[in-house]
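Some notes on the structure that comes next.
What's counted below: heavy atoms across the whole structure, side chains too, no hydrogens, waters or symmetry copies. Since the structure is predicted, the reported quantities are computational estimates derived from the model, not experimental observations.
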There are 2 protein chains.
Amino acid sequence: MADTARPDLAAMIVPLGRALMAVEQPVLDAHGLTMWAYAVLLGLEESVRTQSALAQDIGADKTRIIPILDDLQEQGYIERRPDPDDRRARLLSLTPEGRRVRDSTQAAIQAREERLLDRLRPADREGFLNALQFLAALPKEELAGE
Amino acid sequence: MADTARPDLAAMIVPLGRALMAVEQPVLDAHGLTMWAYAVLLGLEESVRTQSALAQDIGADKTRIIPILDDLQEQGYIERRPDPDDRRARLLSLTPEGRRVRDSTQAAIQAREERLLDRLRPADREGFLNALQFLAALPKEELAGE
DNA sequence: TATTGTTATACTCTATAACTATA
DNA sequence: TATAGTTATAGAGTATAACAATA
């Protein structure tokens, strides 16, 4: 039987996402990162990859991340070197300082999030995180298709 | 002990919200509504309210909803009449056709969402919806403050 | 003086098009 | 011809400022 009382998923998720971003903005500011710069650092993780692969992975387009990469490189958080096997491409990698600032920023952000998650009942918290990780990992086509 | 393996909440929620909106866009198109027009119809529900109250409630600002209200009024989905007690203000209400299009749109959207939720394990699904409704109902200040 | 609704304007974010250098 | 990276431009979406009517 349909539970007609629940609001639409998107009507809850989209504003919640906006609110979370607003809450986390001061944390990013304190670490000297913009949201997209942080997303780039997270997207690089341990791996080395090309700019367009990174852009696609973090949901930005390849033109928009360029000034962000410029800044990160200037700050010494990432390195950009030509791919010896394909001289059109640039291989991106985190510097040790990049890894450090990413880790300390993420620690601060997740600590804040934990305070929020602690207000949920344990079972809800676990279901929430499980479901969220499952849905976030779904390819868009699968979200749309079924 | 910290579970360092989980992605940031915002990093999962924001892209998921974007993807959901993209998935639901065709449904809105089929019903001849924009996202904000749909949000307005949902925001009116059964109640009658003023424009700025509505705007604040749906997370838009009062200047942005005006052309949307114009369209909805022209389509015959809402009525705008001056408040007899305060002639500066306009009282908004749904027409029967407005209520009908809102209901059929929401039914289509929630049916689509149900197909997605059905892919979750029952316990995760319940926890997810519980947590989401709790978090979405939190006032922003509380999200930020604690 | 403050507030509702409104219009016009500016700003930010995102997407598109066009160029270069390689392939 | 196609692709990676880049630049410049255009378009959405959003926020700010100023105005008329009313309180």
For the residue pair A:Ala144 and B:Val23, what are the closest heavy atoms and their distance? CA-CG2, 3.6 Å
Those residues of residues 48-59 of chain A lying under 4.0 Å from DNA chain D by at least one heavy atom: A:Thr50, A:Gln51, A:Ser52
Starting at CG of B:Leu91, measure out to CZ of B:Arg49 and round the result to the nearest 0.5 Å. 11.5 Å
Using C1' atoms of five pairs at each end, report the bend of the helix from C:dT1-D:dA23 to C:dA23-D:dT1 rounded to 10 degrees. 10°
Check the surroundings of atom CD in B:Glu126: do more than 12 heavy atoms from other residues, nucleotides or ligands lie under 6.0 Å from it? no
Report, as yes or no, whether the 6.0 Å neighbourhood of atom CD on B:Glu97 holds more than 12 heavy atoms from other residues, nucleotides or ligands. yes
With a sphere of 6.0 Å drawn around CZ of B:Arg64, does it hold more than 12 non-hydrogen atoms of other residues, nucleotides or ligands? yes
Using a 4.0 Å cut-off on protein heavy atoms (strictly under), produce a 5'-to-3' string for nucleotides 17-23 of chain C with B for base contact, S for backbone-only sugar-phosphate contact, and - for none. B---BBS
Lys/Arg N to Asp/Glu carboxylate O, A:Arg112 vs B:Asp8, below 4.0 Å: no
Search all heavy atoms of B:Ile65 against all heavy atoms of B:Ala55 and return the closest pair with its distance. CD1-CB, 3.8 Å
Looking at A:Val101 and A:His31, what are the two nearest heavy atoms and their distance? CG2-O, 4.0 Å
Select from A:Arg18 and A:Ile66 the residue whose nearest nucleotide in DNA chain D is closer to the 5' end of that strand. A:Ile66
Closest heavy-atom contact between A:Leu120 and B:Ala131? CD1-CB, 3.8 Å
Can you tell me if A:Arg64 touches the phosphate of C:dT12, counting only side-chain N or O atoms and a distance under 4.0 Å to OP1 or OP2? no
So, is B:Trp36 near the phosphate of D:dT14, with a side-chain N or O under 4.0 Å from OP1 or OP2? yes
For residues B:Trp36 and B:Ala60, report the shortest heavy-atom separation together with the two atoms involved. CZ3-CB, 3.7 Å
